[in-house]
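The analysis underlying the following values was restricted to heavy atoms, covering all of them including side chains, and did not include hydrogens, waters or symmetry mates.
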2 protein chains.
Amino acid sequence: LDDMNILDSSIMNFIISVEKVAHVQPNNNIEHALLILIKSGYTAIPVLDTSFRLHGLISKAQILDSILGIEKIEPERLQKTLVSDVMTSDIARVKDTERFEKVLSFSINHPFICVESNEGSFLGIITRSKLLAYLNGFLHG
Amino acid sequence: LDDMNILDSSIMNFIISVEKVAHVQPNNNIEHALLILIKSGYTAIPVLDTSFRLHGLISKAQILDSILGIEKIEPERLQKTLVSDVMTSDIARVKDTERFEKVLSFSINHPFICVESNEGSFLGIITRSKLLAYLNGFLHG
Ligand SMILES: Nc1ncnc2c1ncn2[C@@H]1O[C@@H]2COP(=O)(O)O[C@H]3[C@@H](O)[C@H](n4cnc5c(N)ncnc54)O[C@@H]3COP(=O)(O)O[C@H]2[C@H]1O
Ligand SMILES: Nc1ncnc2c1ncn2[C@@H]1O[C@@H]2COP(=O)(O)O[C@H]3[C@@H](O)[C@H](n4cnc5c(N)ncnc54)O[C@@H]3COP(=O)(O)O[C@H]2[C@H]1O
């Protein structure tokens, strides 16, 4: 059980690949994004353009905040506002050549980490659930 | 670095104590719950009664699902529906005498675990973030 190896190991086995990742596009409206979020059941998902480049992530919280007026919910804002108006672009992202150590440290403050190829193509996400399942197995070595 | 010890260690140091945990009561309406969830910024929070007994947890997703009619959002349901109508009572919960091993295995599928005293009084929660921060430190031994 060599602790140094685990920190230094590749992240390829942890990636949930792009075709399994729920996502929306920057120019979708937030009504579409809210439907995708509710249907997928996720709190937040990546924002990818049609070339599968990563633009940010969008969460239910951001959408709810943007339709909450002073005294009531304003559903009409759902169609007028775009994902790109509401999303956060400050996200946890790594290249696929990155090591486990970096992804583990990102996971302390981020429920998932986005993985890109060296050319900037979105490859998938690494979730806390997968990291914890792996660490659980590792400690029962 | 003895892996057996970590699995066997106490969970007391990981608990975010009750006064720091955002929560709602079973007989609150879901409009109040949604405001607490939006203000606190959390995806889901525990449901505690006035004697601090744990009844379940409630999430933004559950509230959104309950106000989504067939074609539109129905804000009027926000005031008529109670937390107890919408919450889930099937949650990850342990006694404070439980060990790290159990909490780690729960964390694979649960973003947080509720901790209760032997008498059934809610003591706080253990989050994935705290477990990952600890494991990160442990592996850098
Ligand atoms: N449909 C489902 N089936 C089974 N368990 C489910 C589930 N939806 C959520 N969970 C559980 O709840 C945790 C938190 O999900 P959340 O949506 O807040 O936060 C998620 C979500 O924002 C994102 N995510 C996970 N899988 C995704 C996917 N396939 N596409 C897009 N985003 C995803 O990564 C975050 C962390 O995910 P993680 O798996 O660590 O942790 C998940 C998982 O343990
Ligand atoms: N105000 C804030 N400041 C800094 N970071 C924040 C934050 N709100 C959320 N985060 C980050 O986002 C993660 C997911 O939060 P979420 O609300 O989906 O899921 C949370 C939430 O449902 C619950 N939770 C955490 N702290 C809570 C508290 N004080 N009261 C009630 N519920 C809490 O436990 C879940 C896992 O929390 P965890 O800390 O592992 O993971 C958090 C944390 O890394």
query = Side chains of A:Arg128 and B:Pro111: closer than 4.5 Å at any heavy-atom pair?
reply = no
ask   = More than 12 heavy atoms of other residues, nucleotides or ligands under 6.0 Å from CG of A:Asn118: is that the case?
value = yes
task = May I ask whether B:Ile45 and B:Ile91 are part of the same hydrophobic cluster, defined by side-chain heavy atoms of I, L, V, M, F, W, Y residues being less than 4.5 angstrom apart, directly or through others?
result = no
remark   = Of B:Lys60, B:Glu101, B:Lys130, B:His140, the largest count of non-hydrogen pairs under 4.5 angstrom with chain A goes to B:His140
ask   = Side-chain heavy atoms under 4.5 angstrom apart, residues restricted to Ile, Leu, Val, Met, Phe, Trp, Tyr: same cluster for A:Ile6 and A:Val94?
value = yes
query = A:Met87, A:Leu57: one ILVMFWY side-chain cluster at the under-4.5 Å cut-off?
reply = no
query = Can you tell me how far the CG atom of B:Leu132 sits from the OG atom of A:Ser105, to the nearest 0.5 Å?
reply = 10.5 Å
query = Do A:Leu139 and A:Leu104 belong to the same hydrophobic cluster, where Ile, Leu, Val, Met, Phe, Trp and Tyr are linked whenever their side-chain heavy atoms lie under 4.5 Å apart, directly or via other members?
reply = yes
inquiry  = I need the B:Leu34 CG to A:Leu64 CG distance, nearest 0.5 Å.
reply    = 6.0 Å
inquiry  = Report which part of A:Thr43 has an atom under 4.5 Å of a heavy atom belonging to chain B: side chain, backbone, both, or neither.
reply    = side chain
CG on A:Leu135 to CG on B:Leu131, rounded to 0.5 Å = 10.0 Å
message = Could you measure the distance from the CG atom of A:Asn136 to the CD1 atom of B:Ile108? Nearest 0.5 Å is fine.
response = 4.0 Å
ask   = Does one hydrophobic cluster hold both A:Leu82 and A:Leu54, with members joined at side-chain heavy-atom distances below 4.5 Å?
value = no
